[in-house]
> 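Before anything else, here's the structure in question.
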Protein chains: 2
Amino acid sequence: MADGPTSGGQRGETLLYLTDEQLRKGIEAMFFAYKGFTSDPDRILESRGYGRAHHRAIHFIHRSHGTTVNNLLAILGVTKQSLNRVLRTLIEDGLVESRVGTRDKRERHLYLTAEGALLERELSDVQQARMRDAFRSAGPAAVAGFRTVLEEMMDPEMRRRYQRLSENGL
Amino acid sequence: MADGPTSGGQRGETLLYLTDEQLRKGIEAMFFAYKGFTSDPDRILESRGYGRAHHRAIHFIHRSHGTTVNNLLAILGVTKQSLNRVLRTLIEDGLVESRVGTRDKRERHLYLTAEGALLERELSDVQQARMRDAFRSAGPAAVAGFRTVLEEMMDPEMRRRYQRLSENGL
DNA sequence: CGTTTTATGTCAGCCTTGTTGACATTGCCA
DNA sequence: TGGCAATGTCAACAAGGCTGACATAAAACG
């Protein structure tokens with residue numbers, strides 16, 4: 001199953017970065033980094049009785065103001081039952097507003113309230129702070145490489161979604 | 001809370017990679033990439049009735065043959081009750097062997113059985129395949145940057161653990 | 001107009017995986 | 001011997017995934 005120049009011998013050249021050892025390091029780096037990546041927001045969320053799922057919803061509602069439930073489902077890749085549970089508490093708590101669509105009245109468009117925007121800011125502040133420190137220490141070239149590798153690691157569908165998010169505001 | 005050259009204006013120079021927009025992209029890249037990163041093993045695990053927690057245990061037991069429960073707890077960052085539940089099923093299913101320590105008989109040293117090693121191989125094959133493709137597409141310079149940024153993103157404690165793993169086999 | 005499809009919400013139940021607290025056992029060590 | 005450390009286990013709980021089933025409203029279609 002593992003073909004290529006790894007699994008035993010390398011092809012000499014500059015392919016040393018594709019050895020099993022290097023790949024394993026990459027895997028472990030993802031694991032430990034993701035832990036750090038989520039730890040700061042997790043602390044804030046916990047103090048409010050929310051979880052990571054709430055953070056994700058808040059993030060993408062902020063990101064795409066007025067997005068529909070269906071769109072959010074596609075981005076997050078969870079079931080509507082799962083998302084709805086989270087969304088319901090956020091709406092009840094007054095952090096998210098759900099407006100009936102004007103063109104299509106079946107759709108609900110989601111917005112952060114002022115209070116929701118406040119929490120969003122708090123969460124993204126700590127997460128951005130960590131990322132900024134990491135970026136600053138690593139330098140622009142490393143950051144470019146970081147983003148390139150992450151993009152390559154995404155499923156094609158998710159990658160398209162990610163890139164679409166970057167371009168327009170949707 | 002967000003100080004530095006972001007949040008509004010940049011300092012001109014080469015600091016454009018530290019804008020809020022770039023940081024947000026980095027955050028979303030982590031989210032989508034981690035999804036891809038775990039998706040292939042998840043499929044295999046599901047078919048066996050295991051979860052990601054089992055994968056993590058298997059990975060680090062493979063990585064550090066004969067490691068103790070306490071060491072594993074520290075690496076994984078979960079409670080012993082949580083780890084124990086996973087470990088118990090793996091031992092019952094004959095994928096992991098737990099041997100009483102020779103020097104210190106309170107400690108249990110954990111090993112993959114032949115069957116456990118087989119599953120480990122299967123899991124790491126698919127995960128490495130994705131990582132290898134991503135690395136190959138991105139190239140060695142990008143890979144170096146990827147690893148640098150991830151290391152910077154880790155909590156100091158986890159970073160030390162990560163680096164210790166890389167050096168010796170423990 | 002009637003039918004079908006779409007978007008959403010909701011109820012019920014299940015699973016994994018995290019948590020806390022309590023307690024028992026074993027064995028190292030002073 | 002007494003204290004502490006490493007481990008295991010029981011019970012209970014919560015978050016957040018999942019499936020299946022069903023309800024409603026509105027759009028779309030023929």
Side-chain angles (χ1 to χ4, degrees), chain A residues 31 34-35 38-39 41-61 66-93 96-111, chain B residues 31 34-35 38-39 41-61 66-93 96-111:
Chain A
F31 172 69
Y34 201 78
K35 224 177 230 300
T38 54
S39 61
D42 279 354
R43 263 188 294 277
I44 294 172
L45 291 159
E46 192 196 17
S47 73
R48 300 242 199 167
Y50 293 138
R52 227 172 265 179
H54 299 83
H55 186 188
R56 292 195 282 261
I58 288 172
H59 175 96
F60 285 109
I61 292 173
T67 188
T68 64
V69 172
N70 245 7
N71 188 20
L72 207 51
L73 281 175
I75 286 176
L76 297 175
V78 297
T79 59
K80 66 174 175 174
Q81 293 92 331
S82 202
L83 174 59
N84 207 260
R85 181 168 34 198
V86 164
L87 230 38
R88 205 186 317 157
T89 73
L90 290 176
I91 291 170
E92 278 170 7
D93 295 352
V96 167
E97 194 191 340
S98 167
R99 295 185 209 150
V100 173
T102 47
R103 251 187 26 209
D104 187 334
K105 291 181 185 171
R106 290 170 306 179
E107 294 179 340
R108 304 301 149 98
H109 296 269
L110 303 169
Y111 302 88
Chain B
F31 172 68
Y34 200 78
K35 222 175 230 302
T38 54
S39 61
D42 279 353
R43 263 188 294 276
I44 295 172
L45 291 159
E46 192 196 19
S47 73
R48 300 242 199 167
Y50 293 139
R52 227 172 264 179
H54 298 83
H55 185 188
R56 292 195 280 260
I58 288 173
H59 175 95
F60 285 109
I61 292 172
T67 188
T68 63
V69 173
N70 243 10
N71 189 19
L72 207 50
L73 281 176
I75 287 177
L76 296 176
V78 297
T79 58
K80 66 174 174 175
Q81 293 90 332
S82 200
L83 174 60
N84 206 260
R85 181 167 36 198
V86 164
L87 230 39
R88 204 186 319 156
T89 73
L90 290 176
I91 291 170
E92 279 171 7
D93 295 354
V96 167
E97 196 192 339
S98 166
R99 294 186 211 150
V100 173
T102 48
R103 250 188 23 208
D104 187 333
K105 292 183 184 170
R106 289 169 306 177
E107 294 180 341
R108 306 301 148 96
H109 296 269
L110 302 169
Y111 302 87

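Order of the sequence lines sets the chain letters (A, B, ...), proteins ahead of strands, with each chain counted from 1. Predicted model, so just to flag it, every value in this text is computed and none were measured.
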> Just checking B/Arg52: base, sugar-phosphate only, or nothing, at a heavy-atom cut-off of under 4.0 Å?
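Sugar-phosphate: the residue B/Arg52, judged by heavy atoms under 4.0 Å, touches backbone atoms but no base.
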> Considering just the side-chain nitrogens and oxygens of B/Arg56, establish if one lies under 4.0 Å of OP1 or OP2 belonging to C/dG18.
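Affirmative; the distance criterion is met.
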> Any side-chain N or O of B/Thr79 less than 4.0 Å from the OP1 or OP2 oxygen of C/dT19?
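So the side chain of B/Thr79 is within the cut-off, an N or O lying under 4.0 Å from OP1 or OP2 of C/dT19.
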> Measuring to OP1 and OP2 of D/dA15, would you say a side-chain N or O of A/His54 lies under 4.0 angstrom away?
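Answer no for this pair, as no side-chain N or O of A/His54 is under 4.0 Å from OP1 or OP2.
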> Is there a side-chain contact between A/Phe60 and A/Leu76 in this structure, where contact means two heavy atoms from C-beta onward sitting under 4.5 Å apart?
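Yes - at least one pair of side-chain heavy atoms lies under 4.5 Å apart.
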> Write down the distance between CZ (B/Arg99) and P (D/dG8), rounded to a whole number of angstrom.
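In whole Å, D/dG8 P and B/Arg99 CZ are 15 Å from each other.
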> Send over the distance from B/Asp42 CG to D/dC18 C1', rounded to a whole Å.
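The distance from CG of B/Asp42 to C1' of D/dC18 comes to 13 Å, rounded to the nearest Å.
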> Taking any heavy-atom pair under 4.0 Å as a contact, classify A/Arg88: base, sugar-phosphate, or nothing.
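Counting heavy atoms under 4.0 Å across all strands, the contact made by A/Arg88 is with sugar-phosphate only.
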> Would you say the side chain of B/Thr38 lies within less than 4.5 Å of the side chain of A/Phe31, judging by non-hydrogen atoms?
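SC-SC contact between A/Phe31 and B/Thr38 ruled out.
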> Kindly say if A/Asn70 contacts the phosphate of C/dT8, meaning a side-chain N or O under 4.0 Å from OP1 or OP2.
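Looking at the OP1 and OP2 atoms of C/dT8, one of them is under 4.0 Å from a side-chain N or O of A/Asn70.
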> Mark yes or no for a side-chain to base donor-acceptor pair under 3.5 Å between A/Gln81 and C/dG13, with no hydrogen or angle criteria applied.
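Side chain to base: no pair below 3.5 Å.
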> Which sits closer to the 5' end of DNA chain C, A/Lys80 or B/Leu83, going by the nucleotide each is nearest to?
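The residue mapped nearer the 5' terminus is A/Lys80.
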> When you compare the side chain of A/Ile58 with that of A/Tyr50, does any pair of heavy atoms fall below 4.5 Å?
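With C-beta onward as the side chain, the pair stays apart.
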> Using OP1 and OP2 only, check whether a side-chain N or O of B/Asn84 sits under 4.0 Å from D/dT7.
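Checking D/dT7 against B/Asn84, no side-chain N or O comes under 4.0 Å of OP1 or OP2.
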> Out of D/dA6, C/dG9, C/dC23, which nucleotide sits closest to the side chain of A/Arg108?
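Comparing D/dA6, C/dG9, C/dC23 against the side chain of A/Arg108, the answer is C/dG9.
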> Where each residue is assigned the nucleotide of DNA chain C containing its nearest heavy atom, which of B/Arg103 and A/Thr68 is assigned the position nearer the 5′ end?
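Per heavy-atom nearest nucleotide, the more 5' residue is A/Thr68.
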> Expressed as a whole number of angstroms, how long is the span from B/Arg48:CZ to C/dT16:P?
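That distance rounds to 16 Å.
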> Measure the spacing between CG of A/Asn71 and CD of A/Glu107 and express it to the nearest 0.5 Å.
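Rounded to the nearest 0.5 Å, the CG-CD separation comes to 9.5 Å.
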